[in-house]
Amino acid sequence: MNDIIRPRRSALYMPGSNQRAMEKARNLPADVLILDLEDAVAPDEKVTARQQVFEEINRGGYGPREIVIRINGLDTEWHDEDLIAAATSKADAILLPKVEQASQVRAIANALPEGMDLWCMMETPLAILNAQEIASASSRTTCLVMGTSDLATELNALHTPHREPFTASLSLCLLAARAFGLVALDGVFLDLNDGPGFETACAQGRQFGFDGKTLIHPNQLSEANKAFAPSKGEISEAKIIISAFEQAKSEGKGIVVINGRLVENLHVAAARRLLSISDAIEAHEFTSS
């Protein structure tokens, strides 16, 4: 189980072939930067992208942002060299696309150095059906990332405003992630001209229980950071719950009722976690400035 609380409200994909974009990313308000060697890079640019990604990572300057490298899939000609290079870089984690089986997870995890995490893309029907075994395959796995674009293609599904075709897949992956203490990130929203639609998707992702959202453009950062951060009202309520519980405990009372609602240990634990997330966001934004 991953006990480290750090903000992952926004995870921005950055094409590894675009060195200028990776340079600008040092000043973007993203919690996570996913430097991409896979879908965002054309075949004839793969080798150059790999070199540029590792040069930029080794240069540093990304502050508290979590740096993740999405390597090419196991069945591609670029995978082996991507993995070797990524494992010797200063990245925080590797994102493996097209994961479908626990054996694939273990093979990659065994190739990673101490301190480097493994994130898994959940983007095929088989991956969704095997979510539990993928999530539990290795202690090095810390995050499941929804790949709803690829999943839509494989399901022959349509992108709808409320994403009804993906409800089962999103829920199964969230269940697997929570069962084994992993982070879960929602899939991308493709229409950059549909601001209200993106806002709805973020709100829905938060309602589902995702920790944050993967993004394709810096213009999406502000809304994602807002949607997946505790609100002032939530923070205030969490403080009230903790305070009332501690006072009742000191008075030897076994029951706490706030505004007619019974408060139990599980509510206190959730309130403490929410405040921890809020503190982590505040620390992240302070050190980013």
Side-chain angles (χ1 to χ4, degrees), residues 11-23 25 30 32-59 62 65-113 115-128 130-131 133-135 137-138 140-154 173 182-183 185 187-188 190 214-217:
L12 179 63
Y13 286 105
M14 305 292 296
S17 54
N18 190 335
Q19 190 166 16
R20 182 175 174 80
M22 288 188 288
E23 291 175 354
V32 181
L33 295 173
I34 302 176
L35 307 184
D36 194 10
L37 300 177
E38 197 216 11
D39 282 351
V41 180
D44 60 352
E45 296 182 310
K46 296 284 190 183
V47 175
T48 299
R50 182 192 304 135
Q51 180 179 350
Q52 289 182 168
V53 162
F54 301 115
E55 286 177 353
E56 291 303 316
I57 291 176
N58 290 332
R59 278 181 57 198
Y62 287 104
R65 298 165 189 84
E66 197 166 6
I67 304 299
V68 180
I69 302 171
R70 180 162 71 168
I71 63 177
N72 284 282
L74 289 152
D75 60 347
T76 68
E77 62 184 279
W78 307 285
H79 171 78
D80 290 348
E81 291 191 40
D82 283 357
L83 179 58
I84 292 171
T88 58
S89 75
K90 297 179 181 179
D92 296 295
I94 286 178
L95 176 56
L96 181 65
K98 303 296 189 296
V99 179
E100 294 188 324
Q101 298 176 353
S103 59
Q104 297 171 328
V105 175
R106 287 191 288 266
I108 301 302
N110 290 336
L112 300 183
M116 183 175 286
D117 294 333
L118 175 60
W119 292 19
C120 296
M121 290 288 300
M122 308 297 285
E123 53 187 335
T124 70
L126 188 55
I128 304 304
N130 289 337
E133 71 170 60
I134 289 170
S138 171
R140 305 297 293 276
T141 304
T142 57
C143 181
L144 299 184
V145 181
M146 297 305 304
T148 46
S149 295
D150 284 74
L151 187 59
T153 299
E154 298 217 12
C173 287
L182 308 186
V183 173
L185 298 182
V188 300
L190 298 173
T214 49
L215 312 172
I216 60 171
H217 196 279

Inset, instruction - List the atom of A111, the atom of L83, and the distance in Å for their closest heavy-atom pair. - result: CB-CD2, 4.0 Å

Inset, instruction - Can you see which heavy atom on L144 is nearest to which on C173, and at what distance? - result: CD1-O, 3.7 Å

Legend entry - Student check: side-chain heavy atoms of L118 and S138 closer than 4.5 Å: no

Legend entry - CZ on R106 to CD on Q104, rounded to 0.5 Å: 10.5 Å

Inset, instruction - Enter the distance from M116:CE to T142:OG1 here, rounded to the nearest 0.5 Å. - result: 11.5 Å

Legend entry - Side-chain heavy atoms of E38 within contact of M121, under 4.5 Å: no

Legend entry - Non-hydrogen side-chain atoms of D36 and P15 separated by less than 4.5 Å: no

Legend entry - Full working for side-chain contact (heavy atoms from CB on, under 4.5 Å) between V68 and W119: CA-CA 8 Å; V68 180; W119 292 19; 3.8 Å; yes

Legend entry - Interatomic spacing from CD1 in I34 to OH in Y13 - rounded to 0.5 Å: 4.5 Å

Legend entry - Those residues that, when tested against R59, pass side-chain hydrogen bond (donor to acceptor under 3.5 Å, both in side chains) (two or more places apart): E56

Inset, instruction - Measure the OG1-CG distance between T148 and L190 for me, rounded to the nearest 0.5 Å. - result: 7.0 Å

Legend entry - CD-CD distance between Q52 and E23, expressed to the nearest 0.5 angstrom: 9.0 Å

Legend entry - Sidechain-backbone polar pair: N130 side chain, E100 backbone, donor-acceptor under 3.5 Å: yes

Inset, instruction - Report yes if some heavy atom in the side chain of L74 is under 4.5 Å from a heavy atom in the side chain of V99; otherwise report no. - result: no

Legend entry - Residue pairs passing the side chain to side chain donor-acceptor pair (under 3.5 Å) test where at least one lies in residues 88-99, sequence neighbours excluded: K98-D150

Legend entry - Those residues that, when tested against E66, pass salt bridge (Lys or Arg N to Asp or Glu O under 4.0 Å) (two or more places apart): R6, R8

Inset, instruction - Could you check I128, T214, V188 and say which one makes a side chain to side chain contact (heavy atoms under 4.5 Å, CB included) with M146? - result: I128

Legend entry - Heavy-atom closest pair, residues A49 and V41: CB-CG1, 3.8 Å

Inset, instruction - Mind listing the closest non-hydrogen atom pair of E154 and P125 along with its distance? - result: OE1-CD, 3.1 Å

Inset, instruction - Would you mind reporting whether S17 and V53 have side-chain heavy atoms less than 4.5 Å apart? - result: no

Legend entry - For Q51, side-chain hydrogen bond (donor to acceptor under 3.5 Å, both in side chains) partners two or more places apart: E55

Inset, instruction - Check whether any side-chain heavy atom of D117 lies under 4.5 Å from a side-chain heavy atom of C143, and answer yes or no. - result: no

Legend entry - Closest non-hydrogen atom pair, G147 against E123: O-CB, 3.4 Å

Legend entry - Point-to-point distance, once rounded to the nearest 0.5 Å, from CD1 of I69 to CG of L33: 11.5 Å

Inset, instruction - Find out whether R140 and I94 are in side-chain contact, i.e. whether some heavy atom of one side chain is under 4.5 Å from a heavy atom of the other. - result: no

Legend entry - Pairs involving residues 40-49, ordered by first then second residue, that meet side chain to side chain donor-acceptor pair (under 3.5 Å) (sequence neighbours left out): K46-N72

Inset, instruction - Scan for salt bridge (Lys or Arg N to Asp or Glu O under 4.0 Å) pairs involving residues 77-86, sequence neighbours excluded, and state none if there are none. - result: R50-E81, R50-D82

Inset, instruction - Quick one: closest heavy-atom pair of I57 and A91, and the distance? - result: CG2-N, 3.8 Å

